[in-house]
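Only one structure is covered here, and it is reproduced in the block below.
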Amino acid sequence: MPIEFKKQKAVLRGAVTVEEAEALLEWLQNKPAAKADLSACSHLHTANLQVLMAARPGISSWPKNTELRAWLETALKPALGGSLDGDDNSRS
Amino acid sequence: MTPSPMSPLLEQFLSEAREFLQGIGQKLMQLEDSPGDPILLNELFRLLHTLKGNSGLFAFPEMTRVLHAGEDLLVQVRTGDIAFTQELADRLLDAMDFVGLLCDEIESGESADTPQAASHASQAVVLAEALRALMPINPAAGDISANPQSYSVGDEAATHDALISSLGSAHQPAGSRTAFVPLAEIPEAVRMEVFRQSQDGEPLHWVAFTPDAGCFFQGDDPFHAARQTPGVKWGRIVAREAFPALVDLDTYHCVLDFHLLSNASPQELAEHYRYVPDQVRIVAIDPLWLIIPFERSSGNSTECVIGGGLSPNTGADEFIADALPLLWAGDVAALKQNAQHLLVLSANDSWLASGLRWLLLLLDCIPDNHRALGLLIESLGSFTPPDWLAGISSRGQGHVGDSDTARILPEPAHSEPLNGSRPLCEQETVVLEQIFSVQRQILELEDRPAWQAGRLKAVARVLTNGFKAAGDVLAGNEVEAALENALADGESTPLLEWLDANKNRLTASSMPGAVSGPVARASTRSDSSTLREAGANADNAGLTDAPSQEHGLAPAPLDDGPKFGRRAEDIASPKSLKVDQVKIDRLMNLIGEMVVAKNALPYLAQRAENQFGNRELAREIKTQYSIINRISDEMQDSIMQVRMMAVSFVFQRFPRLARDISRKLGKKVQLVLEGEETAADKNIIEALADPLIHIVRNSLDHGLETPEVRAASGKPATGTLTIRALQEADRVLIEIIDDGKGIDPALMKRKAYEKGVIDEATLERISDHDAVNLIFAAGFSTAETISDLSGRGVGMDVVRSAVQKVNGTVQVESVVGKGTSVRISLPLSMAVTQVMIVESDGQLFGVPMDHVLETVRIPRSSVHTIKRSQTAVLRDRVVPLKALNTLLGLLAEPKANADDELAVLLVQANGEELGIVVDGFRETMGTIQKPLGGVLSGLSAYSGSALMGDGSVLMVLNVKEIV
């Protein structure tokens with residue numbers, strides 16, 4: 001599903017495909033203070049993931065999909081606070 | 001880019017390479033049906049080996065690399081170390097496709113600097129690795145693959161084992177690699193949970209997936225693959241390198257790695273990552289290694305400190321002092337209580353707290369594993385993580401740990417009993433090996449001299465004595481038996497097979513580790529020259545080429561014949577010439593001109609008689625003409641024969657096509673090919689290739705149902721696709737018959753109507769047979785989804801026009817639920833068309849005789865006019881009449897003759913009879929019809945032009961188009 005670019009927020013919904021990556025990168029370059037809303041996101045192609053990891057926008061909402069959230073938190077959670085005690089990372 | 005001129009050597013290599021590749025593909029598919037067949041394996045190996053050797057002559061490292069891997073793989077298959085599986089066949093076929101691609105590029109003259117060259121190099125590596133991965137023992141990696149878990153042995157498991165143990169160098173022995181597996185970075189809660197779950201005995205693996213930087217371009221999404229990994233319990237995403245500034249970021253360059261923990265079996269993991277085996281590292285993990293107490297320092301640092309000592313270790317020493325006796329006494333409850341008490345008192349982030357949490361977990365899960373518990377307890381005080389590598393199993397008490405299995409030695413391949421005499425020393429073994437390899441070469445010679453029997457006996461004697469010297473007397477009996485078979489057959493094959501099967505027998509019964517392979521190869525270099533001399537005395541000149549196969553170098557001079565450095569192939573016919581197509585085409589043109597030129601003679605005779613009044617001369621010219629006519633007809637026939645090609649040229653692609661498509665679609669199909677030797681003109685065969693492929697694809701894609709559907713309707717699960725070619729009079733018939741679901745006329749009618757191909761009136765009236773033939777309408781497809789194979793609706797009409805272009809016809813018949821058959825009828829040769837010459841409005845035209853039914857003269861009075869068309873009654877049939885002048889847009893009216901009769905040419909077009917009114921008929925003649933070229937090629941009214949005897953050009957009408 002294509003990313004919806006709002007004023008200061010990029011909303012990723014459903015499965016975000018590889019074709020979106022360039023657009024996302026460009027948008028994030030122009031909006032350094034923007035945030036990403038991942039709540040409705042079910043998957044994002046690695047290219048998009050890379051863009052997010054490089055740009056490190058704030059994450060306004062994490063994915064509802066807990067498994068996806070766990071993966072993404074290892075890459076995108078901000079450094080402060082630490083994720084190594086894993087309070088919300090356990091998964092079965 | 002202009003292609004550099006190719007040396008004759010390179011050209012020859014390329015044309016031979018294609019033959020080899022074809023043969024290799026064929027053998028691979030035959031082997032799929034009979035995997036153990038040693039003859040097929042041998043032939044396959046020889047083809048591959050020769051191709052590899054030949055490729056080494058040129059600078060094609062990618063090709064040679066892949067071929068080399070394939071050859072090594074086949075060596076092991078031949079000796080029975082690896083089973084021939086479908087996976088193996090797939091990888092080899094992939095590799096061969098790659099080689100074919102390289103050959104195409106070489107031929108078209110691509111230079112080595114193109115960007116494609118770089119991708120070829122990496123692709124070659126991938127393919128080669130994929131092939132090598134199938135080999136059980138990977139000498140290149142150097143380490144011993146260990147399977148900490150034991151798997152049940154069975155046929156299926158055997159293949160899987162080969163796969164897993166072949167992730168070989170990646171599947172590290174248990175102990176040595178933990179340093180590379182950063183388990184400590186997994187959050188503690190996750191580790192604890194995984195540990196708890198792992199107690200049910202499922203294997204645990206760490207998977208490190210490092211996708212290729214360019215993988216996006218192959219349509220891969222590694223994150224998706226990582227998420228989909230079976231049994232994934234935890235995962236993380238790591239950037240391989242620091243990200244550049246956003247403006248410099250290349251979104252299509254993958255720099256991410258994925259690490260995960262999975263409790264899937266190694267087979268499942270290998271299966272999941274089978275396309276990228278060299279990008280994945282799978283390490284078996286003992287759950288104990290998850291137990292890593294750590295301490296998180298307070299403050300902003302996010303690093304976990306293993307074995308820190310930042311917080312006071314209150315009460316730890318006391319605890320340990322109490323705990324150990326409790327442990328040995330087996331008092332779990334008390335131990336638990338103590339631990340819980342201390343935990344409450346300890347700072348949450350401390351080393352101690354973490355260790356205590358683990359202790360409690362272990363007490364729940366593995367209370368009997370005193371050694372593990374003891375180690376953990378001690379570590380509480382020592383501030384160093386327990387050393388799990390010191391041989392502790394989490395499954396038992398003091399059992400030898402999994403890590404110990406890392407030192408398992410490979411089983412000896414053979415364990416032949418020594419027969420009492422002293423074993424050979426290494427040097428002797430080497431010499432014996434050399435002797436045996438020479439024997440092998442002798443056996444492989446393909447000539448059949450009168451002394452064949454003697455040769456076989458000599459070889460057998462050498463083998464027997466050789467093994468006797470090595471202490472293996474039993475071998476002699478076997479050799480004896482093989483020799484008898486060989487002599488009975490008159491073939492060396494039984495002996496050869498025995499020798500192949502017992503290649504390693506010598507090394508097994510003597511010192512282990514004697515390396516036979518490279519030595520044998522080196523020795524044959526010197527031996528081949530002697531063999532060649534021996535061979536030169538043989539009658540068969542082709543023999544001289546035989547032994548130089550080993551490395552593809554051809555010391556034999558090129559004038560030995562057009563094929564060099566190869567044994568006689570079993571595919572092509574033995575006494576054939578390779579001739580350039582251009583030369584044949586030239587011959588064709590020349591004979592065409594000859595036919596036309598000779599046709600001038602009757603005219604000449606006529607002129608001699610009429611114009612010059614010389615009847616004598618006319619007669620003599622006619623006599624000579626008949627002689628020349630006969631000869632040129634024969635010549636034309638012969639040249640046509642040269643151009644005749646067997647349809648097998650096209651058919652040979654089908655087994656592979658059917659296999660690939662049916663696998664892709666999950667359908668089972670049995671391909672039956674009949675009449676492959678049926679021959680037709682080369683142009684026609686080539687024109688056939690694409691249409692046939694399209695029809696086959698249609699049958700497989702849309703016609704044949706999946707096995708489930710077929711079973712449900714009572715059909716055998718495996719569909720049958722029959723492709724048959726036969727010759728009938730002067731035509732070739734090709735039939736493609738499937739027993740699939742057939743074409744539904746009702747569906748066709750509806751779809752055609754929806755797409756506007758037919759109107760409502762036609763929808764009512766159209767017969768079922770015609771409805772089925774609607775598939776030939778352009779833009780038509782009833783497929784629900786367009787696959788990349790077919791369904792775009794541009795297929796069958798293209799097929800039909802391609803067939804019609806060579807004067808063929810195509811028909812479809814189908815019964816719903818039973819199947820479909822497509823029948824193509826083609827002329828045997830394209831060249832000579834009989835035409836009848838007619839005259840109209842002062843011009844001459846040709847009408848192909850295939851369409852002419854008869855010529856009649858009809859009195860003008862019997863022409864009736866119905867509405868605006870003219871008709872006549874002929875033998876109780878009403879035949880519509882059309883004037884040729886009208887059809888061609890000429891203004892003149894057809895002329896009647898003296899009796900007021902009109903000349904009508906009765907033709908058949910599009911299945912109907914029609915009368916074409918012309919001014920007059922002339923003779924019929926055989927012509928070489930050439931299609932109209934250049935600006936004229938758009939004229940659909942004419943199918944071509946021909947040269948008349950007097951040099952004028954005859955336009956040949958395309959009857960179907962003009963009526």
Side-chain angles (χ1 to χ4, degrees), chain A residues 3 12 14-34 38 41-57 63 65-92, chain B residues 184-194 196-197 211 215-217 219-228 232-240 242-261 263 294 296-297 299-305 348-349 354:
Chain A
I3 305 178
L12 282 72
V16 183
T17 58
V18 62
E19 292 91 9
E20 301 286 317
E22 290 274 3
L24 180 60
L25 175 62
E26 213 178 293
W27 191 81
L28 285 171
Q29 273 179 265
N30 296 332
K31 306 231 182 211
L38 304 173
C41 179
S42 63
H43 180 70
L44 61 164
H45 187 281
T46 318
N48 296 301
L49 179 53
Q50 268 181 181
V51 168
L52 289 180
M53 283 170 75
R56 286 292 174 136
N65 180 329
T66 41
E67 177 252 342
L68 178 60
R69 175 175 180 162
W71 277 101
L72 293 184
E73 278 181 336
T74 67
L76 299 174
K77 203 157 190 190
L80 280 180
S83 60
L84 295 175
D85 51 358
D87 24 355
D88 51 350
N89 269 0
S90 61
R91 221 182 317 127
S92 56
Chain B
E185 295 181 33
I186 307 175
E188 181 177 280
V190 175
R191 280 184 279 123
M192 286 185 157
E193 182 59 34
V194 172
R196 193 184 284 278
Q197 286 177 9
C215 64
F216 297 166
F217 294 104
D220 290 345
D221 181 0
F223 182 35
H224 188 255
R227 283 180 74 186
Q228 297 292 326
V232 62
K233 298 270 158 231
W234 167 89
R236 70 171 179 179
I237 308 158
V238 174
R240 254 175 255 162
F243 286 108
L246 286 189
V247 68
D248 295 324
L249 181 67
D250 180 359
T251 46
Y252 297 125
H253 186 76
C254 180
V255 297
L256 298 183
D257 288 348
F258 301 88
H259 300 157
L260 49 103
L261 270 184
N263 70 351
F294 81 97
R296 196 161 59 114
S297 59
N300 291 334
S301 162
T302 61
E303 292 182 46
C304 77
V305 180
N348 228 359
D349 297 342
S354 171

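Chain letters run A, B, ... following the sequence lines, proteins first, then strands; residues in each count from 1.
Interface remark: A:Leu24 contributes no atoms to any contact with chain B (heavy atom separation under 4.5 Å). In this structure, the portions of B:Ala226 lying under 4.5 Å from any heavy atom of chain A include both its backbone and its side chain. Using a 4.5 Å cut-off between heavy atoms, A:Leu76 does not touch chain B at all.
The shortest non-hydrogen separation linking A:Thr46 to B:Phe223 is OG1-N, 2.9 Å. When every heavy atom of A:Gln50 is checked against every heavy atom of B:His253, the shortest pair comes out as NE2-O, 2.9 Å. What you find for A:Asn65 and B:Arg227 is that their closest heavy atoms are ND2-NH2, 3.6 Å. In this structure, B:Ile237 and A:Ala75 approach most closely via the heavy-atom pair CB-CB, 3.8 Å. Heavy atoms only, all atoms of each residue included: B:Thr251 and A:Val51 are closest at CG2-CG2, 3.5 Å.
Between chain B and the residues A:Val18, A:Leu49, A:Leu72, the most heavy-atom pairs under 4.5 angstrom are made by A:Leu49.
For the pair A:His45 (side chain) and B:Asp220 (backbone), a donor-acceptor distance under 3.5 Å is present.
Relative orientation of the A:His43 and B:His224 rings is perpendicular, given thresholds of 30° and 60° on the angle between their planes.
Rounding to the nearest 0.5 Å gives a distance of 8.5 Å between CG of A:Asn48 and CG of B:Asp221.
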